[in-house]
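First up is the structure itself, then whatever we jot down about it.
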Amino acid sequence: MRFRLGYVAMTLKLVDCSPSGTMTVTAFKKLPDPEAALNRVRRIAKKNLENTLRILRYNLAYNIYVYRLTSKLVPLATHPLIEGWDYSGDLKEEFLSIGSFIKENDFRISAHPDHYTILNPESDQVFNESLKDLDYHAKVYEAMGLTDYRYKLVLHIGGLYGNKKASIERFKRNFEKLPERISKRIILENDDKVYTAADVLDICNDLGVPMVLDVHHHNCNNNYENLEELLPHIFKTWDGQHFNPKVHFSSPKSTKEFRHHADNIELQEFLNFLRIASKTDRDFDVMLEAKNKDGALLKLSDELKDAGTVKSINQAEFELKK
DNA sequence: ACCTGTCAAGTCTGG
DNA sequence: CCAGACTTGACAGGT
């Protein structure tokens, strides 16, 4: 049984390599000439794309094949200020070279629209804004030539609005309204406050959508659910998908700030999870969500090699001994 | 060069 | 009904 490690958006190893350069609305409006402001956005977006390719090259060198794109590649992408700008046509070459590199090397790439993107709100306006953001994410994949639906978008269920059952029903109804180019990419994750792993598993089974288990969120919000029992069912939602099941993993910052992410991954907690996961007898990928990003990955990797319970294939891939 | 307040966005709680 | 927390990295303004 094998597993791979990945990290989110940003490497600490490369100098001056942010893929998330931004321009604020205030800064945009402050420039007297809208054309000049748009030029600035274009320059930042181009830089973000170039840096993303640099990061992917670095990942290849380190055998890191699991990576999450930042949602901020194109600043203000869904804002009316840049409405009408064809960023995917304008930066076609940059997008396509990223996509080709991803396909050539068979990277597992994902993206995670931020927590303002919600499918079950009570207001139509919030739903429509969320749709715009999902459309942007799908456009980014399409501009990269990643038209295969194996490249996913991770979402949470959303708000509670005082009634979990009704909010879940609204989620499902709204999900069915999505165009295929979006819905086929969506995978759902349990959150740290409202929707537990069992809640999300039910929704995923009803909709036929893969589920990402976030182990840390489960530790924050679990309603006494047993992970060992749930895990085989969670992994089963990935049957028929191109990639193996995916898990998010992070360690709590402290007892007091339990929900916050720590700088690195606690080895013992990780080994505990591996023990449970090994019983499913399936290969899987782990997205590490730590402040130290790829630094945390390389550190955990070293510690796993020393721990002896797993065999290292390379920096980011391991085989579990039975 | 460094420090701090601010930033597009939504939800929830407490006053 | 409104202000502030939540949470995040990066920008922008001030020193």
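- As judged by a 4.0 angstrom heavy-atom cut-off over every strand, A:Ser123 is placed among residues making no nucleic acid contact.
- The ring pair (Phe, Tyr, Trp, His ring centres under 6.0 Å) check on A:Tyr7 picks up A:Tyr67, with sequence neighbours excluded.
- Look at the P atom in both C:dC11 and B:dG10: the space between them is 23 Å, to the nearest Å.
- Rounded to whole Å, the separation between the P atoms of B:dA8 and C:dA12 comes to 10 Å.
- Here B:dA8 presents its P atom at 8 Å from NZ of A:Lys29, a figure rounded to the nearest Å.
- What separates CG of A:Asp133 from C1' of B:dA8 is a distance of 11 Å, to the nearest Å.
- Counting only residues at least two apart or in different chains, ring pair (Phe, Tyr, Trp, His ring centres under 6.0 Å) contacts with residues 106-126 of chain A comprise A:Tyr65-A:Phe107, A:Phe101-A:Phe107, A:His112-A:His156.
- Rounded to whole Å, the P atom of B:dG14 lies 15 Å from the corresponding atom of C:dT7.
- Taking the ring centroids of A:His218 and A:Phe249, they lie at or beyond the 6.0 Å cut-off.
- Taking the ring pair (Phe, Tyr, Trp, His ring centres under 6.0 Å) definition, one finds that A:Tyr58 meets it with A:Tyr62, sequence neighbours left out.
- With A:Leu227 as the fixed residue, the side chain to side chain contact (heavy atoms under 4.5 Å, CB included) test singles out one of A:Asn222, A:Asn219, A:Asn272, A:Leu213: A:Leu213.
- Within the structure, ring pair (Phe, Tyr, Trp, His ring centres under 6.0 Å) pairs that include any residue of residues 20-43 of chain A do not occur (at least two apart or interchain).
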N/O to N/O distances under 3.5 Å, protein versus nucleotides 12-15 of chain B:
from   : atom 1 : to       : atom 2 : distance (Å)
B:dC12 : OP1    : A:Leu160 : N      : 2.5
B:dC12 : OP1    : A:Tyr161 : N      : 3.2

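- Atom CD1 of A:Ile82 and atom P of B:dA8 are 14 Å apart (whole Å).
- Shown here are the side-chain hydrogen bond (donor to acceptor under 3.5 Å, both in side chains) partners of A:Thr78, two or more places apart in sequence or in another chain: there are none.
- The nearest whole Å value for the distance from the CG atom in A:Leu155 to the C1' atom in B:dG10 is 14 Å.
- A salt bridge between A:Glu50 and A:Arg54 is absent, with no side-chain N of the basic residue lying under 4.0 Å from a carboxylate O of the acidic one.
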- [ ] Treat primed atoms plus P, OP1 and OP2 as sugar-phosphate and everything else as base, then score nucleotides 5-15 of chain C 5' to 3': B for base contact with protein heavy atoms under 4.0 Å, S for sugar-phosphate contact only, - for none.
- [x] -SSS-SSSS--
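- With respect to the salt-bridge test (charged N to carboxylate O, under 4.0 angstrom), the residues A:Lys47 and A:Asp16 do not qualify.
- Residue pairs satisfying the ring pair (Phe, Tyr, Trp, His ring centres under 6.0 Å) criterion with at least one member in residues 283-317 of chain A, sequence neighbours excluded, are listed as follows: A:Phe3-A:Phe284, A:Phe235-A:Phe284.
- Remark: nothing in residues 164-173 of chain A comes within less than 4.0 Å of DNA chain B through any heavy atom.
- Between A:Phe28 atom CZ and B:dA8 atom C1' there is a gap of 13 Å when expressed in whole angstrom units.
- The salt bridge (charged side-chain N to carboxylate O under 4.0 Å, His left out) test with A:Asp285 is passed by exactly one of A:Lys152, A:Arg68, A:Arg108: A:Arg108.
- One P atom belongs to B:dC7, the other to C:dG4, and the distance between them is 14 Å to the nearest Å.
- Atom CD of A:Gln125 is separated from atom P of B:dT11 by 11 Å (rounded to the nearest Å).
- Taking atom C1' on both nucleotides, C:dA5 is separated from B:dT6 by 16 Å, rounded to a whole Å.
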Open item on the list: Wobble G-U and Watson-Crick pairs count when both distances are under 3.5 Å; given that, what is the 5' to 3' dot-bracket string of DNA chain B, with | for pairing to other strands?
Closed with: |||||||..||||||
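- Applying the ring pair (Phe, Tyr, Trp, His ring centres under 6.0 Å) criterion to A:His248, with sequence neighbours excluded, gives no partner residue.
- Screening A:Thr70, A:Asn51, A:Leu73 against A:Ser20 for a side chain to side chain contact (heavy atoms under 4.5 Å, CB included) leaves a single residue, A:Thr70.
- Clustering of Ile, Leu, Val, Met, Phe, Trp and Tyr side chains at separations under 4.5 Å leaves A:Ile313 isolated, with no partner residue.
- For A:Ile118 and B:dA9, the CD1 to C1' distance is 9 Å, given to the nearest whole Å.
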